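Take a look at the structure set out below.
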2 protein chains.
Amino acid sequence: MSTARGARARARIEVTAAIKDEARRRLAAEGAAKLSLRAVARELGMVSSALYRYFPSRDDLLTALIIDAYDSLGETAESAHAEVADAGPRERWIAVCVAARRWALEHPHEYALIYGSPVPGYTAPETTIPAASRVGLLLIGIVRDAHQGQGVARPPLPTDLKVEAQRMTAELAPDLPPEVVAALVAAWAQLYGLIGFELFGQFNRVVEDRETFFRHAADQLAHGVGLIFPRPTRPNAAHGANGRGTDSGRANGA
Amino acid sequence: MSTARGARARARIEVTAAIKDEARRRLAAEGAAKLSLRAVARELGMVSSALYRYFPSRDDLLTALIIDAYDSLGETAESAHAEVADAGPRERWIAVCVAARRWALEHPHEYALIYGSPVPGYTAPETTIPAASRVGLLLIGIVRDAHQGQGVARPPLPTDLKVEAQRMTAELAPDLPPEVVAALVAAWAQLYGLIGFELFGQFNRVVEDRETFFRHAADQLAHGVGLIFPRPTRPNAAHGANGRGTDSGRANGA
DNA sequence: TCAGAAAAGAGAGCGCCGCTCTTGCTTTGG
DNA sequence: CCAAAGCAAGAGCGGCGCTCTCTTTTCTGA
């Protein structure tokens, strides 16, 4: 498997990894548009044509980087989630959102690669799907847990969305109510709108304290998916004792 | 001014326009990454070096296209808004959102240019700011009208966001309450998250009936900014105050 | 009016790019 | 042990952004 039979096979794995590492370094430093096979090869002391033995084209190398980026983001989100696994849905939801934002700010070019405009004429191959789903699955899981604890509520859907919402539900989370799934998918997209706007400069003369703004917006997203936030067990937590001052009006539903 | 003094000046205007037109054509056909000055020049029957008399670099040409794209989007949104100018805030809000989405679907590469990842190492010059603000101003205007009719309400802000929200309010819409402005900015970003996810394929095996889904999501965004949708012409709508099945918890506030 | 300034086009060229093809060398497996 | 397969290297093709030089055309002001 991984320790394949010959020295040749091992070398191939090592060289492939070295290429990806160097490419990732250059991607982080200069962005996808300036990522050139020739520069990677140069840095690795090999001739550019040799590199084609490992990645048949620049797009294939980019695809590998895309998958890695999805995985890196997914791992970051998952470990952030694990750290608050025992907390309530609200904390967990926000932890995942905040982790995604932080990852994006730390890896802007990788983020742009996966959630910005797709490169040239390029359409992502199906290989990327599992890696791309990790954050989404995390969010679904949080809502699912909340739902099993009766902590999710959403108003009924308009009739024209019912069919589609049921379809999405069957596909994504058959155990959740369609109203919740529809709201979840929207929140998922909106989360990346918030991150993207900050990252790509649309907030430039608009939002200054972006961390605070984002936490609040993520909190509102949680409301949007119908997560209910009961006053945190302590009846007398009016001032400051509250997780982080990010409360807002009550969300209640049917 | 526009008809400047000589034939030379007139020619310059015409050639500049021809270059932009051809560039826009190629941008729409192949995307920003494949837009090359040489190809544009070739198509126009001029030699590539001559083109540099009009645009000192590829990035400058792209900047011109960016401004045009913002203007095109802004115009589309504004005319869509004008068509429902007499309707309620909800219809107007949705009309603007739907128009933005439609424009994006019709001009994917232009959309990617302005709201996707910024090209190469490129940061948008300040020239683009006015053009970029048009849709945002439209949304602010809708909410402002609703507010003057007492049709906007939001729960109070968490304390840690108050300062920033007041700053944003002073900058963007001093006549609106800070809670509304904060929600508006978030909704603005979220709108483009929804559009971008559809456009860039993130909805691919997730959402099928995207038009319906989007309308619903845009409706929810309107709720998010605190737009209240009174039951049409019914005066006493204290309790079940929802237009269709699309209400979410009560929004109430100052 | 007419010479000099300014603007514009044309061409050659530099260094980069993705990618291909051919040529030899090394490892591998029957 | 030897043929097949894997691999590095080099040369080369066409395309790119951009610069520089040279010539022609147009504009301007004394």
Side-chain angles (χ1 to χ4, degrees), chain A residues 1 3-20 22-23 25-27 29-66 109 113 118-122, chain B residues 1-20 22-23 25-27 29-66 109 113 118-123:
Chain A
M1 314 264 241
T3 23
R5 29 207 201 304
R8 177 141 261 174
R10 194 181 349 243
R12 177 167 244 282
I13 290 172
E14 276 169 22
V15 173
T16 305
I19 292 172
K20 280 212 298 191
E22 179 59 32
R25 225 168 293 138
R26 298 197 72 87
L27 169 63
E30 318 208 60
K34 291 195 180 174
L35 175 64
S36 87
L37 290 185
R38 289 179 112 112
V40 171
R42 217 179 297 128
E43 210 70 22
L44 261 52
M46 53 200 310
V47 86
S48 75
S49 61
L51 212 146
Y52 285 82
R53 298 253 174 221
Y54 299 88
F55 295 94
S57 79
R58 182 178 179 274
D59 275 3
D60 289 272
L61 178 53
L62 275 180
T63 299
L65 294 182
I66 286 176
H109 288 123
L113 190 59
V119 196
Y122 179 85
Chain B
M1 313 221 150
S2 59
T3 23
R5 30 208 201 302
R8 175 143 259 173
R10 187 161 331 130
R12 175 165 245 284
I13 291 172
E14 276 169 23
V15 174
T16 305
I19 292 172
K20 280 212 299 189
E22 178 60 31
R25 224 169 293 137
R26 298 195 73 86
L27 168 63
E30 318 207 61
K34 292 195 179 175
L35 174 63
S36 87
L37 290 185
R38 289 181 112 111
V40 171
R42 216 179 297 129
E43 209 71 22
L44 262 52
M46 53 198 312
V47 87
S48 75
S49 61
L51 212 146
Y52 285 82
R53 299 255 179 228
Y54 298 88
F55 295 93
S57 78
R58 182 178 179 276
D59 275 3
D60 289 271
L61 178 53
L62 275 180
T63 298
L65 294 183
I66 286 176
H109 288 123
L113 189 60
V119 196
Y122 179 85
T123 51

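Reminder, nothing fancy here: chain letters follow the sequence lines and each chain counts from 1. All values reported here derive from a predicted model rather than from experimental measurement.
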Mind calculating the distance between [atom1] ([X]) and [atom2] ([N]) to the nearest angstrom?
X: A/Y52; N: C/dC17; atom1: OH; atom2: P; answer: 11 Å
X: B/R53; N: D/dC22; atom1: CZ; atom2: C1'; answer: 11 Å
X: A/L37; N: C/dC19; atom1: CG; atom2: P; answer: 6 Å
X: B/D60; N: D/dG17; atom1: CG; atom2: P; answer: 13 Å
X: B/I13; N: C/dA7; atom1: CD1; atom2: P; answer: 15 Å
X: A/M46; N: D/dG10; atom1: CE; atom2: P; answer: 12 Å
X: B/R8; N: D/dT26; atom1: CZ; atom2: P; answer: 7 Å
X: A/K34; N: D/dG17; atom1: NZ; atom2: C1'; answer: 12 Å

Distance below 4.0 Å between B/R42 side-chain N/O and D/dC16 OP1 or OP2:
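B/R42 to D/dC16 OP1/OP2: side-chain N or O found under 4.0 Å.
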Is any side-chain nitrogen or oxygen of B/R58 closer than 4.0 Å to OP1 or OP2 of D/dG17?
yes
If you assign A/S57 and B/V15 each to the DNA chain C nucleotide with the nearest heavy atom, which residue ends up on the more 5' nucleotide?
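With A/S57 and B/V15 compared, the 5'-side residue is B/V15.
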Can you measure from [atom1] ([X]) to [atom2] ([Y]) and round to the nearest 0.5 angstrom?
X: A/I19; Y: A/L65; atom1: CD1; atom2: CG; answer: 11.0 Å
X: A/Y54; Y: A/D60; atom1: OH; atom2: CG; answer: 15.5 Å
X: A/H109; Y: A/R26; atom1: NE2; atom2: CZ; answer: 12.5 Å

I'd like to know if A/R38 reaches the base of C/dG18 with its side chain such that a donor and an acceptor end up less than 3.5 angstrom apart.
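Answer yes: a donor N or O sits under 3.5 Å from an acceptor.
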Would you indicate what [X] reaches in the nucleic acid, counting non-hydrogen atoms under 4.0 angstrom: base, sugar-phosphate, or nothing?
X: B/S49; value: base
X: A/L61; value: nothing
X: B/F55; value: nothing
X: A/S48; value: base
X: A/L51; value: nothing

Would you mind checking if B/R25 and B/E43 are paired as a salt bridge, meaning a charged N to carboxylate O distance below 4.0 Å?
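No, no charged N to carboxylate O under 4.0 Å.
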Would you say B/R53's side chain and B/R12's backbone share a donor-acceptor pair under 3.5 angstrom?
no
